[in-house]
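Residue numbers start from 1 in every chain, and the chains themselves are labelled A, B, ... in the order their sequence lines are given, proteins ahead of strands. A quick note: this is a predicted structure, and the numbers were derived from the prediction, not measured.
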Amino acid sequence: MSKMRMAKPKTGIRRKVTSFIFLATSLIMLVGLSLGFFYGSGLVRDIIGKGNVKAAENIAISIDMLLERQIQNIRIYFAENPLHRDAILESGALYKGRTAAEIKEHMLEMDNKWAAAGADSPLVSEHLDNKSAEQLSYFVSTGTAISEIFTTDRFGGLVAASGKTEDFYQADEEWWQKAYNGGKGATYMGSVGYDESAAVKAVTVALPVKDEKDRVIGVCKAVLNIDVLFVIIRDFTIGRTGHACLVDDSGRVIYHSGDEYLNEKICSYEDFKKLVNDPENWEILRRPLVHERKDLFLAFAAVESPVLRENGVTWRIFVVQRSDETFAPIRDLFKVMALIMAVLFLVALPIIFFLGEAFARPIRELYKATERISEGELDCPINIRTGDEIEQLAVSFKKMIAIIKTRENDLKELAGSLEKKVKEKTRDLGRAQEATLHILEDLQVSKEELEKKTEKLNASLEESERSREAMVSMLSDNNQIREELEKKLEELKKAQVMLAESEKLALVGKLVSDMAHEVNNPLMVVAGRAQLALMEDIKSEPVKEDLRIINDQCMRAKDIIQRLLTFSKPSKGEVKEVDVNRTINLVIQLIKHQYQLADIKVIERFSKKMPAVEADAKQLQEVLMNLLKNSAEAMPEGGTITVRTSAPSADKVEIDIEDTGEGIPEENLAKIFDPFFTTKKTGTGLGLPVCHGIIREHGGKMEYTSVPGKGTKVTITLPAGKEA
Amino acid sequence: MPDILIVDDEHEILYILERFLKKSGFNVITADSGEKAVKIMSRGKNVDLIILDHRMPKLDGAGVLDALKTLKVKTPVVLLTGSISKDTKKLDVDAFFMKPVDLHVMLDKIRELLSGERPERV
C-alpha cells in the first residue's frame, strides 16, 4: 500500500471560516458606523442650527424692543414736559422777523463764539444751566441708556444741553436735517460708533420736538450708550467660544462682546451676501476673516425695527461658534459608538473562533481518519454526527472502506492460492529441468551441425524479410488510394442527391407558376361572368345562390394557387461558407460522363487563390447545372465548355462559363432573363430567370456576351467574404 | 364620364371588364395587345386610367409600362396578373390585383385612384 502522505493544507478550513465571518462582521460594523455618523451628524447639525437661529431671533426681538422703548421714552418725555417746549419756542421767537440770511449769519457768529467760549463762560452756562438743561441732565442721570441729550430750535440753534456740545449751530448736521425733515419731522437713527464727548460706544438718535398742535418746533438729539442697550448681546454665550454679535449690511461687526473684532468684516462681501440669503439662516462658514480663520458655525436673525427700516439700516444678530466646538458632541458620540462596537467585536471574537472550530472539527476528524486508513489502519472508527453534508461524506467514506476491505480479503485469498500453485509448478519445473539437462547433453553433440545450417537459413530469411517489407509498403499505398476514392465517391453521392432535390424543387416552382398564369385566366372568366350575372335583375334566389357559390369557389381556387406559389418561390436557404472551385468541380463531375457521350469537353481553369463565398451551396449548384446544360444544348454537334474561376479583388469572385455553341442573336440577348422567354421547343423559359434570381439573391450579378455562330460566355460575379 | 383603357389578350376578360365598367358608368376603350395599347396612348388619347394585363404575348405588361414611361404618360395603372411575385411588386403601378378579381373591390380602388388623391408617379 502506498505510504505517500498528503501535504498538510496551508490554510485550514477553520482559519478560512473564521476570517470570512470576521471580515463580514467588520464590514457590516464599519458600514453601519459610517452611515450612523453621517446621518447622525446631519441631524445634530440641523438641530443645533435651528436652535442657534432661534437664539439669534430672540436677541433680535429684545434689541428691537429696547431700541423702540428708548425712542418712545424720549418722545413721551418731551410730550409730558412742556418746560422744554417753552424753552424751544422762546429761543425760536428771537428770530421772528429776520430773513433766512440774517438768521444764518447770526448762527455762524454764535457758533464761533461757542467754540471760543470756556466751560464757565456766560454763553455756555446760559445753555447748560437753564431750567430746561437742568431737567435734561436729570433725565440723563435717571435714564440707563442715554448718555447725552440736547435740544435745538427750529432754526438749529442750541436751546438746552445735558453737557457742552461741540457746535452751537446744528442745522448743518445730517441728523438735524433728517429729524427736522423740512418741518414734517422724522426719527433719525445714526450708525454705531465711538462717541468721544460721551466716551462710550454709542448710537445717535434724533427726534422732532412738537407742540400741542403737533407742529415741529425743534429737534432733540440723544446719544445712546450701546454697552447698556446691547447688554443682552454682550452677555450671550454658548459653551467656550459661542457668542453673539451685531453685524451691519456690509458684513461689518458693529457690536461685539469684546473689542477685538469691532468694525472688522467676518467674511468677504460676496460670501456674506450668500450667507444672508441662505434660507435656513444658518451655515458653516469656511475660513472666515475673523477667529483665526477657523471654521465658524453661524446662525443669524435680522432686527426688525421700524426706526431701522425708516433709516434704511439693516442690523443682523449673529450667533457665532467655532464649528469644532459645535460638533464636539457628534464626535464624542461617534467615539462612544466606535468604542461600543470594538467591545462588541472583542466579545464576538471567541464566538467566531468557536463557530470556525465547530465547522472545521468534523472535517479535520475525517481527514485524520483518511490519513490513518491510507497508512493501512482500515478499522479506524469514524464518528461524525453533524447531520449535514459532512456526515453524509463520512457515511459514504465508510461504505468505501467496507468495499476496500472485501477487495483486500479477496486479494489475500488469491495471493494464498497463487503461492500454492507457484510452489507446485516450481516442483514440476525442477523435475523438468533435470530431464532437460539430459536432453541438452545429447543435443550438444549435434549443435555444431545445427549452427551451420542456421547460418544458411538466416541468410535466406533476411532476403525474404526485405521482399515482405516492400510488399507491405505497396499494400499501404494501395489502401490510401482506395480510402480516398471511397471518400470522393461518398461526396459525389451526396452532391447527386442534393442536386436531384433542388432540381425537383425548381420543377415544382415552374409548374405552379405556369399553372397560376394558365388557370387564373379561365378562373377570371368564370368568376367575372358570375359577378356580372349577379348584377342582373335575377328574381330566383337559388340561381343567385348558385352564382355566388361559383364566384366563391373561383376565389378559393385562386387562394390555393397563391399558397402553392409562396411554397415554391425561390429564396436563399441555408447560407454558409462555400468553396467555389470545389462546388463547380462537383457539378462537372456529375455531368462529365454524359457530356463525353455527346462529344462535349469540359475544361477547368481554376484560380488557386479563391476566397470563400457566403452562399447556399444547393442553389449555386442549381445555377451551374442550368448554365452548363444551356451551354451543352447550344452545341448539338459537340464542342468545348471552359469553366474559369478568378478573384479580381479580395471581396469578389468571378465564374466564367464559355461555350463554342451557336450563340444568341442580339435581339434575344436582352430577353433571356425574362420569364417564359424561350427559343427551345420544350423549354419553359424559366431556367435562366431562376438562375438570375438566385444570383441576385446572393448579391451578385450575371452577364451574357455572345457572338452568334462562335459561342456564348456567361460571367457570374459574387461578393466574397463576410460581406455577402 | 371618365375614360378607362382595358388591355388584355383574352377577349373573354376584355368583355367582362368592359361590360362591368360600362355598367358602373365609365367610358371604356379596349386593346387586345400591348402594342395596340401603346399605339392608343401614343396618339395622345385622353384616358383617365389603364387596366393592364401582366402576361401577354410579345409586348407584356412590364413592356407596356416601360413604353408609357418613355411616352411620359402619367395615367394611373391597375395591373392584373395571374400570379403575384417579387417582380410584380417591383413594377411601378398604382395597384395590382391577382386574377380572378372581385370586380367590386377593383371598382372601389379605381374610384379612389380617379378621385385624384394619389401620389404622382415618377
Side-chain angles (χ1 to χ4, degrees), chain A residues 509-537 548 550-572 667 670-671 673-677 685-686 689-690 692-694 696-697, chain B residues 6-26 28 30 32 34 51-67 78-91 96-108 110:
Chain A
K510 209 161 61 185
L511 211 67
V512 173
S513 190
D514 271 347
M515 197 179 78
H517 280 292
E518 296 308 330
V519 172
N520 278 334
N521 266 341
L523 272 177
M524 168 90 185
V525 175
V526 175
R529 288 279 188 166
Q531 286 177 43
L532 283 177
L534 270 169
M535 287 165 79
E536 298 300 328
D537 187 23
R548 256 183 236 121
I550 291 170
N551 183 48
D552 289 349
Q553 290 302 312
C554 285
M555 294 301 169
R556 195 177 140 207
K558 166 187 162 182
D559 281 348
I560 293 166
I561 291 162
Q562 181 64 56
R563 253 180 275 157
L564 270 170
L565 272 173
T566 323
F567 161 73
S568 61
K569 201 161 49 184
S571 63
K572 215 154 61 158
E667 64 266 30
K671 288 189 234 160
F673 291 138
D674 293 349
F676 304 108
F677 171 80
L686 270 173
V690 167
H692 194 210
I694 290 171
R696 262 201 319 235
E697 195 79 33
Chain B
I6 313 169
V7 191
D8 202 311
D9 59 320
E10 290 245 358
H11 286 98
E12 257 299 338
I13 291 173
L14 278 183
Y15 168 76
I16 290 166
L17 293 174
E18 186 180 1
R19 216 178 105 188
F20 174 74
L21 290 171
K22 273 186 175 163
K23 208 168 204 158
S24 306
F26 295 100
V28 178
T30 58
D32 63 358
I51 298 175
L52 183 64
D53 185 25
H54 189 197
R55 201 188 181 205
M56 289 179 288
K58 294 183 186 170
L59 193 63
D60 65 355
V64 172
L65 284 171
D66 284 344
V78 173
L79 190 82
L80 297 186
T81 174
S83 76
I84 294 173
S85 67
K86 253 188 204 166
D87 293 334
T88 325
K89 286 177 185 168
K90 272 182 206 155
L91 289 176
F96 51 78
F97 290 97
M98 184 173 161
K99 290 176 184 174
V101 182
D102 186 325
L103 295 171
H104 292 280
V105 174
M106 187 182 74
L107 183 65
D108 286 345
I110 289 170

Quiz item: Which answer fits D102(B), side chain, backbone, both or neither, if we ask what part of it has an atom under 4.5 Å from a heavy atom of chain A?
Solution: both
Practice problem: Against chain A, work out which of T81(B), D60(B), I13(B) has the most heavy-atom pairs shorter than 4.5 Å and name it. | Solution: I13(B)
Self-check item: Member of L17(B), D8(B), D53(B) meeting the side-chain contact (heavy atoms from CB on, under 4.5 Å) criterion with M524(A)
Solution: L17(B)
Quiz item: Which of the residues N551(A), L523(A), V526(A), N520(A) is involved in the greatest number of heavy-atom pairs with chain B at under 4.5 angstrom?
Solution: N520(A)
Quiz item: Can you tell me how far the CZ atom of R529(A) sits from the CD atom of E12(B), to the nearest 0.5 Å?
Solution: 4.0 Å
Quiz item: Measuring from L532(A):CG to K23(B):NZ, what's the distance to the nearest 0.5 Å?
Solution: 7.0 Å
Self-check item: Heavy-atom pair with the smallest gap, counting every atom of K558(A) and M98(B)
Solution: NZ-O, 3.2 Å
Quiz item: If you take all heavy atoms of P100(B) and A527(A), which pair is closest and at what distance?
Solution: CB-CB, 3.9 Å
